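Everything quoted here is computed from the prediction, not taken from an experiment. Heads up: numbering here begins at 1 and tracks the sequence.
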Amino acid sequence: MELFGIALTMLALFVSFGFMVGVLFGFFGMGGSFLVTPALLVMGYPTRVAVGSGMAFVFGTAVIATLKHRDLGQVDYKLGGLMVVGTTAGIEVGSHLVYSLEELGLAGGVIGVTYVFLLGGIGVFVSYNALKSDGSDDSGGGGHHEAANQDIDPDDIPDIAKRIQSYRVPPMMTLSGGIQVSLWMILGVAFATGLLSGFLGVGGGFIRMPALFYLIGVPVPIAVGTDLFEIVISGGFGAYTYGLNGGVDLSIVVPLLAGSALGARIGSAATSVVNEDDIKIYFGLMLLGGSVAVAFQQSAGYLGVPVLDTIGFVLIMLSAFMVSGAVIYNTITTMRARSNASATAAD
């Protein structure tokens with residue numbers, strides 16, 4: 001049986017997959033191109049359709065998630081606009097580096113190794129710092145979740161970000177929350193993340209989100225919301241470009257968005273419920289799982305063992321399902337604990 005030209009089993013798969021990716025997207029500000037495009041390629045879709053449909057899905061999901069973060073006051077539009085400028089320039093330079101490596105016949109190997117070590121390195125760094133600070137906040141769930149219009153506690157700003165903020169090179173920009181950072185520092189961070197994004201050929205959410213927190217000092221929930229706002233712009237442009245060339249298949253995008261419409265709102269809302277350190281731990285675990293999975297996929301090409309590519313894809317999917325499930329479970333248990341505490345206090 002088919003609906004809109006798609007078998008019902010495939011339709012259910014796309015909706016479920018869209019829901020899972022939507023949770024990750026809303027919670028971390030990343031997860032779209034990281035998961036959707038490889039999944040469509042494994043399912044046998046042409047590269048152009050896989051990339052174009054993936055971008056269209058990322059754009060739609062980012063819009064949904066950004067609107068929810070906006071409602072929570074977790075989007076800094078000024079910072080997002082500045083990041084777009086720097087990131088665009090970085091992506092252009094990164095793409096030229098790829099072209100140069102292709103001429104030397106080194107692109108595939110260098111990019112693959114860089115991707116594995118970058119994912120793993122960021123995953124270890126974020127997880128270690130989150131575990132090291134875990135338990136320092138005794139307020140009991142929720143952690144620090146400043147909205148974009150609230151002043152930020154200086155104690156919550158990482159030391160690296162404090163040092164960057166100390167370089168007062170004019171013009172200085174005052175961001176939401178009272179953060180003051182040199183325009184050149186913001187553009188420099190944006191350029192560096194864009195360079196890596198263009199070099200690796202990914203959306204770059206897994207680079208930008210920790211960069212916004214650790215290098216600029218933006219609280220994690222606002223870093224997620226602002227990153228999503230930037231993805232709306234870049235994803236919309238990419239989807240439009242591929243759509244003009246017939247690279248967007250609506251029979252894929254629509255059911256994926258049907259699932260992500262709910263998942264993205266749940267993931268976005270969870271950032272105001274789940275402890276901030278837990279967000280960073282989940283993010284780190286997600287990247288570590290991705291690092292191992294990409295290592296398997298890279299090994300498949302070098303060793304000539306195709307099954308390793310399939311194992312890598314399965315590992316990516318398993319890590320995504322486990323982390324999205326943990327996010328939902330943690331959100332439910334935290335809300336129940338708060339409800340029980342309120343009921344006890346009322347008695």
Original post:
Between the side chain of Ser324 and the main-chain N/O of Phe321, is any donor-acceptor distance below 3.5 Å?
Top reply: yes
Original post:
How far does OG1 of Thr66 sit from CG of Asp71, to the nearest 0.5 angstrom?
Top reply: 11.0 Å
**OP:** Ignoring hydrogens and angles, tell me if any N or O in the side chain of Ser339 forms a donor-acceptor pair with the backbone of Met335 under 3.5 Å.
**Re:** no
Original post:
Can you get from Leu250 to Val63 by hopping between Ile, Leu, Val, Met, Phe, Trp and Tyr side chains that sit under 4.5 Å apart?
Top reply: no
Subject >> Counterpart residues, ring-ring contact (aromatic ring centres under 6.0 Å, His included), relative to Tyr77 (two or more places apart) >> reply: Phe229
Subject >> Side chains of Ile164 and Ile216 in contact at under 4.5 Å (non-hydrogen atoms) >> reply: no
Subject >> Side-chain touch Leu79/Ile222, heavy atoms, less than 4.5 angstrom >> reply: no
**OP:** Taking Thr87 for its side chain and Val84 for its backbone only, find out whether a donor-acceptor pair lies under 3.5 Å.
**Re:** no
Original post:
What pairs with Phe125 under ring-ring contact (aromatic ring centres under 6.0 Å, His included), at least two apart in sequence or on another chain?
Top reply: Tyr214
Subject >> Gap separating the OG1 atom of Thr331 from the CZ atom of Phe27, nearest 0.5 angstrom >> reply: 6.0 Å
Subject >> Value rounded to 0.5 Å, distance of CZ in Phe59 from CD1 in Ile64 >> reply: 10.0 Å
**OP:** Would you indicate whether the side-chain heavy atoms of Thr193 and Met83 approach each other to under 4.5 Å?
**Re:** yes
**OP:** Please tell me if the side chains of Ile252 and Val49 come closer than 4.5 Å, counting only heavy atoms from C-beta onward.
**Re:** yes
Original post:
Between atom CG of Leu82 and atom NZ of Lys78, what is the distance when rounded to the nearest 0.5 Å?
Top reply: 8.0 Å
**OP:** Ignoring hydrogens and angles, tell me if any N or O in the side chain of Thr334 forms a donor-acceptor pair with the backbone of Val273 under 3.5 Å.
**Re:** no
**OP:** Take Ile328 and Val23, measure what side-chain contact (heavy atoms from CB on, under 4.5 Å) needs, and give me the verdict at the end.
**Re:** CA-CA 8 Å; Ile328 294 174; Val23 171; 4.2 Å; yes
Original post:
Any idea which heavy atoms bring Ser268 and Leu72 closest together, and the distance?
Top reply: O-CD1, 3.5 Å
Original post:
Is any side-chain heavy atom of Val181 closer than 4.5 Å to a side-chain heavy atom of Gln165?
Top reply: yes
Subject >> Sequence-distant partners of Pro170, side chain to side chain contact (heavy atoms under 4.5 Å, CB included), two or more places apart >> reply: none
Subject >> Residues in side chain to side chain contact (heavy atoms under 4.5 Å, CB included) contact with Ser16, at least two apart in sequence or another chain >> reply: none
Subject >> Side-chain heavy-atom pair Ser260, Val21 within 4.5 angstrom cut-off >> reply: no
Original post:
Rounded to the nearest 0.5 Å, how far apart are CZ of Phe14 and CZ of Phe57?
Top reply: 11.0 Å
Subject >> Distance, nearest 0.5 Å, that separates CD1 of Ile332 from CD1 of Ile266 >> reply: 8.5 Å
Subject >> Leu97 side chain reached by Leu195 side chain, heavy atoms, under 4.5 Å >> reply: yes
Original post:
Should side-chain heavy atoms under 4.5 Å link Ile, Leu, Val, Met, Phe, Trp and Tyr, which residues sit in the same cluster as Val15?
Top reply: none
Subject >> Atom CE of Met172: over 12 foreign heavy atoms under 6.0 Å >> reply: yes
Original post:
Would you say Ile186 and Leu175 make side-chain contact, with heavy atoms under 4.5 Å?
Top reply: yes
Original post:
When clusters are formed from ILVMFWY side-chain contacts under 4.5 Å, directly or step by step, what else is grouped with Val307?
Top reply: Val292, Phe296, Leu303, Val305, Leu308, Ile311, Leu315
